[in-house]
Student: 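Below is one structure. I have some questions about it.
What you see is a predicted model; the values in this text were computed from it and never measured. Just so we're on the same page: letters track the sequence lines, and every chain starts at 1.
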Protein chains: 2
Amino acid sequence: MGLNTALISIDVVAFRMASGQLQLLTRKLGGLHMLPAGRIEPELDNCLDETARRQLSSLSHQQVAYLEQVETIGSPDRDSRGWSITVVYYALMTHEDNPWWAEDAEWVGISEGELDISLAYDHKRLVIQALERLKNKIQYSSLPVYLLPEEFTLSDIQKVFTTLLEKAPPMRSIRNRFLREDLLVDTGKLRRGSNRPAALYRVKEQSPTCLFDRLYLTTQQ
Amino acid sequence: MGLNTALISIDVVAFRMASGQLQLLTRKLGGLHMLPAGRIEPELDNCLDETARRQLSSLSHQQVAYLEQVETIGSPDRDSRGWSITVVYYALMTHEDNPWWAEDAEWVGISEGELDISLAYDHKRLVIQALERLKNKIQYSSLPVYLLPEEFTLSDIQKVFTTLLEKAPPMRSIRNRFLREDLLVDTGKLRRGSNRPAALYRVKEQSPTCLFDRLYLTTQQ
DNA sequence: GGAATAGTGTCTATAAGACAATATCCT
DNA sequence: AGGATATTGTCTTATAGACACTATTCC
């Protein structure tokens, strides 16, 4: 007589940046898009984080850069069978070239905070909540780097802001903040284009997520 | 065949300030102290917040000044019956003189982050997590006012800091921050003692919790 | 050289911290 | 007057923002 997991769902809002666009990971089942979600497997999971990670690893073999619980909601109305509970997580991933992806996995775009497609159930609301959290947290933490590939330039960090918010902080502020902390390592490599090459940085080994003591002001709406 | 709530618990970490001390609300059952906690009542509750509030209103008729979800934890070990889930909330209350209190309600002291008594189950861990959240959030929000009575002085706000953290920000900074925002109203009244009287303020009607864009620096350990 | 983006120098603005100086009550 | 706490004035410090300027690449 253990926990009945039937009406308890773990839903994951997974974001990535691909070609300058914010994207959301969905499962497409019978034409309907929904969030990766599932039940606790008492035999497999030792905590809710593991349940959330399992939802993602069933869709891809790609590593999750960042995972955080957003909120747990419960109500009598959200599921037609009655009272149900949903634990919402959000995940940040890197856009990688050829990891394995499940048949039904599909990344959909988010442009100006609006999803390109519609989602089943109340999943749109969950995405909006997770996105709010993300948009707020990038302003005082090192979260932007978790949306970027292993090696990135400081302008890439700025690009994360322009993609997620209307306005990005000035490069001066981004450089000062990220280089002041002992958070990034200069790889010595350069990214070349039809312009002055940019220094490629990587996150220092085992750096925890860095929390700064101020928000950027330019990013407040 | 609705939600089986047997292994889902809503636990509330309720704090108040009384005579310069931070206190935690507990239920004392057979000599054991535990957090106010209970199950979802599908017939009564429309969301988890309501379940949390119900735990408190069964112990007292006093109003809750602030309520926030901390985290949901799940694991196979915390309950001997197997996998269980706990949604943790924290609440801030004012110390009032004579509201009704249930027989088994008991406020216990927290001194330098250490509980004066021990708690059943893993409730100590939940309190520590909630306290961490609170200690962090008072540094960039108007939360301190929710631990104070309806009318309070600016020094009272500083007292909240000294009680919760080792160090308080200077009065200058507290005054500037709280008076800059259109958050408090000068009641015109004064609190008298054997010294210069202090102006009594109250929170402006229907002010939402105010979030500032910086942390105090003096309060970082 | 010109376009394009990277990176620096430097001044301003804002808000916190330090600390001294007043102010206003009580006894 | 003296003690006590409240309140203000003002200077310093830290970091973000604005913006002009320089640097380095490709073409």
Student: Could you state the CG-C1' distance from B/Leu179 to D/dA6, rounded to the nearest angstrom?
Tutor: 13 Å
Student: Could you state the CZ-P distance from A/Arg175 to D/dC21, rounded to the nearest angstrom?
Tutor: 19 Å
Student: With side chain to side chain donor-acceptor pair (under 3.5 Å) as the criterion, how do B/Tyr146 and B/Thr94 come out once you've worked through the C-alpha distance, each side chain's angles and the decisive distance to 0.1 Å?
Tutor: CA-CA 7 Å; B/Tyr146 298 118; B/Thr94 289; over 6 Å; no
Student: Taking the inter-plane angle between the rings of B/Phe161 and B/Tyr216 on a 0 to 90° scale, is it parallel (under 30°), tilted (30 to 60°) or perpendicular (over 60°)?
Tutor: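 B/Phe161 and B/Tyr216: perpendicular rings.
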Student: Does a side chain donor of either A/Glu106 or A/Thr26 reach within less than 3.5 Å of an acceptor in the other side chain?
Tutor: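 Checked: A/Glu106/A/Thr26 side chains show no N/O donor-acceptor pair below 3.5 Å.
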Student: Could you tell me the separation between the CZ atom of B/Arg196 and the C1' atom of D/dA6, rounded to a whole number of Å?
Tutor: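 Atom-to-atom, B/Arg196 to D/dA6, this comes out as 5 Å.
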Student: For the residue pair A/Tyr201 and A/Asp156, confirm or rule out a side-chain donor-acceptor distance under 3.5 Å.
Tutor: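 No - no donor-acceptor pair under 3.5 Å links their side chains.
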Student: So do B/Lys204 and B/Leu184 actually touch side chain to side chain, heavy atoms under 4.5 Å?
Tutor: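 They are not in contact (no side-chain heavy atoms under 4.5 Å apart), so the answer is no.
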Student: Residues from residues 186-195 of chain A sitting under 4.0 Å of DNA chain D, heavy atoms only?
Tutor: A/Arg192, A/Gly193, A/Ser194, A/Asn195
Student: Does either side chain, that of A/Gln129 or that of A/Glu71, offer a donor lying less than 3.5 Å from an acceptor on the other one?
Tutor: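 The criterion, which ignores hydrogens and geometry beyond distance, is satisfied for A/Glu71 and A/Gln129.
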Student: Can you label the angle between the A/Trp107 ring and the A/Trp101 ring as parallel, tilted or perpendicular, going by 30° and 60°?
Tutor: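 Ring orientation, 0 to 90° scale: perpendicular.
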Student: Under 4.5 Å between any side-chain heavy atoms of A/Tyr121 and A/His123, yes or no?
Tutor: yes
Student: Which part of the nucleic acid, if any, lies within reach of B/Thr153 when heavy atoms closer than 4.0 Å are counted: base, sugar-phosphate only, or nothing?
Tutor: nothing
Student: When you check every protein heavy atom under 4.0 Å of nucleotides 9-19 of chain D, what one-letter string (B, S, -) results, 5' to 3'?
Tutor: BB---BBSBBB
Student: Any donor-acceptor pair under 3.5 Å linking the side-chain atoms of A/Thr51 with those of A/Tyr89?
Tutor: no
Student: Does anyone know the first and last nucleotide of DNA chain C in reach of chain B, 5' to 3', at under 4.0 angstrom to a heavy atom?
Tutor: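 Using the under 4.0 Å cut-off, the span is C/dT14 to C/dC26.
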Student: When you compare the side chain of A/Leu126 with that of A/Val70, does any pair of heavy atoms fall below 4.5 Å?
Tutor: no
